[in-house]
Amino acid sequence: MDKTQSSTDTGVRQNVGGRSFAKDIAELALFLDFSEPDPEGHLEAAIAEILQDRSIPSSTLKRCASEARALMEHAQETGMVARIEAQADQSEWAIRGALSAWLDEISLTAVLKQRALRLNRSRGGRPPSQTRTLRAVQELMAFARAGRPGAVDELRSIRALVSGEA
């Protein structure tokens, strides 16, 4: 049986009560981790399977993949993966059902907030604006050294703004 068959074929509900695509992706990827010997590429395979059934904009898909990765990390950290592995004699249906039930109970928002705090960011994703600004200026300096037209003028404008000469 193809491990990535849609949930209607395996008898497990997907997109339960408005369930997020991230949870669907995480469920399938975690199931593949249990059922396939080589864990490489399971997230990508799950994303491809979810895309077959639905039309998802690329920006939404990137966010959902990141959220699914956070859910998968949370499953490892909380021991959910170890609990299911301890019951390795379960059928694939029982494993998939246990994953589905666990994901239905988990608050994606809470998992994302926990990851953001672990990464020392209040909201996740992006670094703080001071860091982004510093990186942008450093990148601009590298462009100026490389001879990019207008980079030196832009740096002069920044210097004038910071020193109050503008």
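Note that the structure is predicted; figures quoted are calculated from it, not measured.
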Arg63 with Glu67: basic N within carboxylate O range, under 4.0 Å: yes
With side chains defined as the heavy atoms from C-beta onward, is the minimum distance between [X] and [Y] less than 4.5 Å?
X	Y	value
Leu30	His42	no
Thr78	Trp102	yes
Cys64	Ile56	no
Arg69	Ile25	no
Asp33	Val81	no

If you round to the nearest 0.5 Å, how far is [atom2] of [Y] from [atom1] of [X]?
X	Y	atom1	atom2	result
Asp24	Arg19	CG	CZ	5.5 Å
Thr133	Ile158	OG1	CD1	9.5 Å
Leu140	Arg145	CG	CZ	10.0 Å
Glu27	Ile50	CD	CD1	8.5 Å
Leu28	Ser100	CG	OG	11.5 Å
Ser107	His74	OG	NE2	9.0 Å

Look at the side-chain heavy atoms of Ile, Leu, Val, Met, Phe, Trp and Tyr, link any pair under 4.5 Å apart, and say whether Val162 and Val137 land in one connected group. yes
Check salt bridge (Lys or Arg N to Asp or Glu O under 4.0 Å) between Glu77 and all other residues, then give those that pass, not counting sequence neighbours. Arg118
Give me the atom names and distance for the closest heavy-atom approach of [X] to [Y].
X	Y	result
Leu43	Ala29	CA-CB, 4.0 Å
Arg115	Ala70	NH1-CB, 3.4 Å
Ala22	Ala68	O-CB, 3.4 Å
Glu92	Phe31	O-CE1, 3.4 Å
Ala26	Leu103	C-CD1, 4.3 Å

Side chain Ser163, main chain Arg159, donor-acceptor under 3.5 Å: yes
Tell me whether Lys23 contacts the main-chain N or O of Ile106 through its side chain, where contact means a donor paired with an acceptor under 3.5 Å. yes
Walk me through whether Leu61 and Phe21 qualify under side-chain contact (heavy atoms from CB on, under 4.5 Å). CA-CA 8 Å; Leu61 184 62; Phe21 293 130; over 6 Å; no
